[in-house]
Amino acid sequence: MPIRILPVKVAAKIAAGEVVERPASVVKELLENSIDAGAAEIKIEVREGGKRLIRVADNGCGIPADEVELAFARHATSKISGVDDLACIRTLGFRGEALASIAAVTQVTVLTQTADEAVGTLIRVADSCVTHREGRGAPAGTVVTAENLFATMPARRKFLRTDATERRHIDALVTRYAMAYPERRFILTHNGRLTFQTIGSGRLHDVLVKVYGLDVARQMIEVSLSPAGQDGSAAVEVAVQGYIGTPSLHRASRDQITFFVNGRWVQDRMLTQALLQAYHTLLPVGRSPVAVIKIELDPGLVDVNVHPAKSEVKFHDPNAVFRAVQRAVRRTLVDQSPIPQVSSWASPSQREEWERRQALVGAGAEGTRSATQLAMAVQRTAPVADVKGESLPAFELPRHLPPLRVLGQVAQMYVIAEGPEGLYLLDQHAAHERVLYEQMLAQRAAAQVVSQTLLEPLTLELPPELAAVMEAHQSLLAELGFLVEPFGGHTFLVRAVPVILVQERGGDVDLRHALSNVLEEAMAGQQPLEREKEERIIASVCKQAAVKAGQTLSHEEMRELVRQLEATTMPRTCPHGRPTMIHLSRAQLEHEFGRR
Ligand code: ADP
Ligand code: MG
C-alpha cells in the first residue's frame with residue numbers, strides 16, 4: 001500500500017485511544033475539567049457502568065457561547081498558551097485533548113452557560129462532528145453528557161468489562177477526587193441510585209468517613225509536614241499532608257494507598273516505596289497500609305506532561321520527595337500509633353469518650369469534670385500535672401508506652417501488666433525481639449556491634465546455595481558481628497558471633513541454626529537494598545536471641561523487659577510487624593463487667 005494520510009475521523013479515533021481507555025477515563029477527564037472550572041459542586045451520573053451514559057454536571061465558570069465548538073478541537077485549551085507554560089502547570093488539564101477524544105468515541109452533548117450570559121448553549125457532537133446547536137437557558141456551569149461509549153468501535157467495545165467492574169473503576173476514581181478536593185461537593189449516582197456523596201466541608205477526614213466508613217476512618221491518623229518543618233538543608237520544599245492507617249489497619253493489596261501531587265491523583269512506585277519504608281517492621285509481612293497522602297510542591301519542580309492520561313509525573317528531585325514522604329509518615333507513626341485494643345472487646349464509642357474526656361480536661365473546661373475524671377487524666381498525663389487544671393497539657397495519645405507495672409506471666413508466653421489506662425498483655429518474644437532489634441540497630445549505626453569470640457570455633461558445613469550467600473556476604477556479616485572464615489569447599493569456621501546470641505537466653509541459642517536462618521534472610525527478597533538486607537539480618541539475629549514462648553520469666557526479668565521496651569522508639573510492634581502488646585482498657589473492663 002502507498003503511504004497516505006488517514007482521514008481525520010480515523011486519526012481522531014486513534015488519538016482518542018490514548019486518552020479514553022474505559023468509562024472511568026471519560027469520568028476522569030470530565031471531572032478534571034469541572035475542577036479546573038472552579039466548580040464547588042460536581043454531580044456524576046453513570047448508567048450501565050458508564051457504557052450507556054456518563055454525565056458530569058458542575059457549577060463552574062461555564063464555556064462562553066462562541067468557544068463551545070472550539071473546545072472540541074484537538075489541542076484547544078484555555079489553560080496554557082505557550083511552551084513556557086508547560087514548565088509550570090497549575091491546572092489538571094492542559095493538553096486540550098479530552099473533549100476532542102471523548103467526542104471521537106461517544107456521542108457528546110454539552111449544555112453550558114457562563115455567569116454573565118443571558119442564555120446558554122446546547123451543542124451535540126457525534127463522531128467528531130457537530131450535529132446540533134441551539135441557545136438554551138441553563139444555570140451557570142456546564143453539563144457534559146457522553147453516551148454509548150465506543151458504539152462505532154466494536155473492537156474497542158469488546159474490551160470493556162462487566163458493568164460492575166467498570167463501575168468499580170469509576171467509584172475508585174470519584175472517591176479519589178473527592179479526597180483530593182474535600183472542599184468541593186461530589187455526588188455520584190449509578191443507574192439513578194445515589195451511591196456516594198461528600199459535603200464539601202473542606203475536611204479530608206469527613207471524606208474518609210464516606211469512603212472507608214467510620215470504623216476505618218477512626219483508625220487513621222493525620223500526617224502533616226509543612227515545608228518549613230524540614231531540616232532546612234532540603235533543596236526542594238515539599239509539603240506532605242493527609243491521613244495514614246495505624247499499623248493495625250492493613251490490607252492484602254496496595255489498592256488503598258493513594259497519592260496526590262499538587263491535586264492530581266498519581267500512581268507512582270517511588271512514592272509507594274517511601275510509604276512502605278516508613279511502615280518498615282510495623283506491618284505484618286506481605287500486608288499494605290491504608291493511606292491518603294497529598295504532596296504539594298512548586299509546580300515548576302514536577303513534570304506532569306509524561307502521558308496523555310496524565311496519571312504519571314516526574315519529579316526534578318525525586319529523592320527530596322521520597323525523603324519528605326518517608327519522614328512525615330514515619331514521624332507520625334512513631335508519635336501517634338496507639339496500642340491495639342482487644343478488638344472483640346473494644347467498642348469505638350468508648351475510645352471516643354476517653355478522648356472527649358481528655359479533650360475536656362486538656363481544654364481546662366470548668367465545672368464538668370468529676371474528681372475521678374481528673375484523677376485519671378492526671379495519671380495519664382504524668383509526670384506532674386496541676387490538679388487545679390491550670391496547666392494541664394492538651395490531650396495527646398501516649399507518645400511511647402504508659403508506665404507499666406508487671407503483674408505476672410500467662411501461659412509462659414505473655415507478660416501481664418497494669419497501666420494507668422487498664423490492662424496490658426505483652427507477647428514476651430515479640431517484645432524482646434523489638435528491644436534487641438533496636439539495641440542492635442543502634443550498635444550498628446555507631447559501627448560497634450558487639451561481637452563475642454567463641455571459645456571453640458564452630459565448623460559449619462553449608463548446602464551450596466547458602467555457602468554462596470556466605471561468601472558473598474562475608475564482610476557485611478563481619479560488620480554485624482559474625483567472624484567467619486572459609487575452610488575449604490562449603491565448610492566455614494565461625495570464630496565470633498554477635499554477643500546477644502550467646503548472652504541472651506542463658507546461651508541457649510543454637511548457633512548453627514541461627515546462622516542458617518541469617519543466611520536465608522540475606523538471600524530472601526529480590527535484590528533488596530543493602531540497608532534492607534542488613535535490617536533483615538539483624539531482625540533474624542534478634543529473633544533467634546529473643547526469649548521464646550514457653551520460657552518462664554522471673555518477676556525481675558519481666559520488669560527488665562518492660563523497662564527496656566519502654567526505652568525503644570517503636571515499642572508497639574516486633575521487627576516483623578506483629579504487635580508486642582494488646583490493651584484492655586479500663587472502660588472496656590467496666591463495660592464487660594456491666595458496670596455501665
Ligand atoms: P484541557 O482541559 O486540557 O484544556 P479539554 O479538551 O478537556 O482540554 O477542554 C477544552 C477546554 O474546554 C478547556 O480548556 C476549557 O476551557 C473548556 N472546558 C471543558 N470543560 C469545561 C467545564 N466543565 N467548565 C468550563 N470549561 C470547560
Ligand atoms: Mg480537560
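Both counts, for ligands and for their atoms, begin at 1 and track the order of listing. Numbering starts at 1 and runs along the sequence shown. Remember, it's a predicted structure, so these values are computed and weren't measured experimentally.
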- Going through the checks in order, is the side chain to side chain contact (heavy atoms under 4.5 Å, CB included) test met by Leu271 and Val261? CA-CA 10 Å; Leu271 292 176; Val261 174; 4.2 Å; yes
- Under the side-chain hydrogen bond (donor to acceptor under 3.5 Å, both in side chains) rule, what do Thr142 and Thr112 come out as? Steps first, then yes or no, please. CA-CA 4 Å; Thr142 305; Thr112 184; 3.0 Å; yes
- Message: Apply side-chain hydrogen bond (donor to acceptor under 3.5 Å, both in side chains) to residues Lys79 and Asn33 and explain how you reach the verdict.
- Response: CA-CA 10 Å; Lys79 299 169 193 176; Asn33 282 346; 3.2 Å; yes
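Below 4.0 Å from some heavy atom of Gly93 lie the following atoms of ligand 1, by number and element: 2 (O), 3 (O). Short contacts between ligand 1 and Ala71, defined as distances under 4.0 Å to a heavy atom of the residue, involve ligand atoms 10 (C), 12 (O).
Distances between N or O atoms of Phe94 and those of ligand 1 include at least one value under 3.5 Å. Below 3.5 Å of separation, one finds an N or O of Leu99 facing an N or O of ligand 1. Residue Asp58 has at least one N or O atom closer than 3.5 Å to an N or O atom of ligand 1.
Legend: protein N/O/S atoms lying under 2.8 Å from the Mg ion (ligand 2), waters omitted, number 1.
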Return a table of donor-acceptor pairs under 3.5 angstrom between the side chains of residues 1-19 and protein atoms on other chains or two or more places apart.
from  : atom 1 : to     : atom 2 : distance (Å)
Lys13 : NZ     : Asp127 : OD1    : 2.8

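Glu29 does not count as a contact of ligand 1, since none of its heavy atoms falls under 4.0 Å from the ligand.
For atom 22 (C) of ligand 1, the nearest protein heavy atom (residue, atom name, distance) is Thr142 OG1, 3.7 Å. Protein heavy atom nearest atom 19 (C) of ligand 1, with residue, atom name and distance: Asn33 ND2, 3.5 Å. Protein heavy atom closest to atom 14 (O) of ligand 1, with residue, atom name and distance, is Ser78 N, 2.9 Å. Considering only non-hydrogen protein atoms, atom 10 (C) of ligand 1 sits nearest to Ala76 O, 3.5 Å. What sits closest to atom 2 (O) of ligand 1 on the protein, heavy atoms only, is Lys79 NZ, 2.7 Å. The protein non-hydrogen atom at the shortest distance from atom 8 (O) of ligand 1 is Gly96 CA, 3.2 Å. Among protein heavy atoms, the minimum distance from atom 17 (C) of ligand 1 is reached at Ile63 CD1, 4.0 Å. When hydrogens are left out, the protein atom nearest atom 4 (O) of ligand 1 is Thr77 OG1, 2.5 Å; that is the closest non-hydrogen contact.
For the pair Arg133 and Glu69, the salt-bridge criterion is met [side-chain N within less than 4.0 Å of a carboxylate O]. A salt bridge links Glu166 with Arg22: the closest approach of a Lys/Arg side-chain nitrogen to an acidic carboxylate oxygen falls below 4.0 angstrom. Checked for salt-bridge contact, Glu147 and Arg47 miss the test: no charged N lies under 4.0 Å from a carboxylate O. Between Arg184 and Glu41 there is no salt bridge, since no side-chain N of the basic residue sits under 4.0 Å from a carboxylate O of the acidic one.
When only modelled atom types and interatomic distance are considered, Asp36 and Thr91 share no side-chain donor-acceptor pair under 3.5 Å. In summary, the side chains of Gln107 and Asn148 do present a donor paired with an acceptor at a separation below 3.5 Å, with no hydrogens or angles considered. Between the side chains of Ser224 and Gln241, at least one donor N or O lies within less than 3.5 Å of an accepting N or O. Side chains of Thr175 and Asp171: a donor-acceptor N/O pair is absent below 3.5 angstrom, by distance only.
With a heavy-atom cut-off of 4.0 Å, Ala98 touches ligand 1 through backbone and side chain alike. Heavy atoms of Thr112 found under 4.0 angstrom from ligand 1: none, in either backbone or side chain.
Inter-residue side-chain proximity for Met179 and Trp265 is flagged as unmet; no heavy-atom pair is nearer than 4.5 Å. Taking 4.5 Å as the limit, every side-chain heavy atom of Thr189 sits out of range of all side-chain heavy atoms of Ile44.
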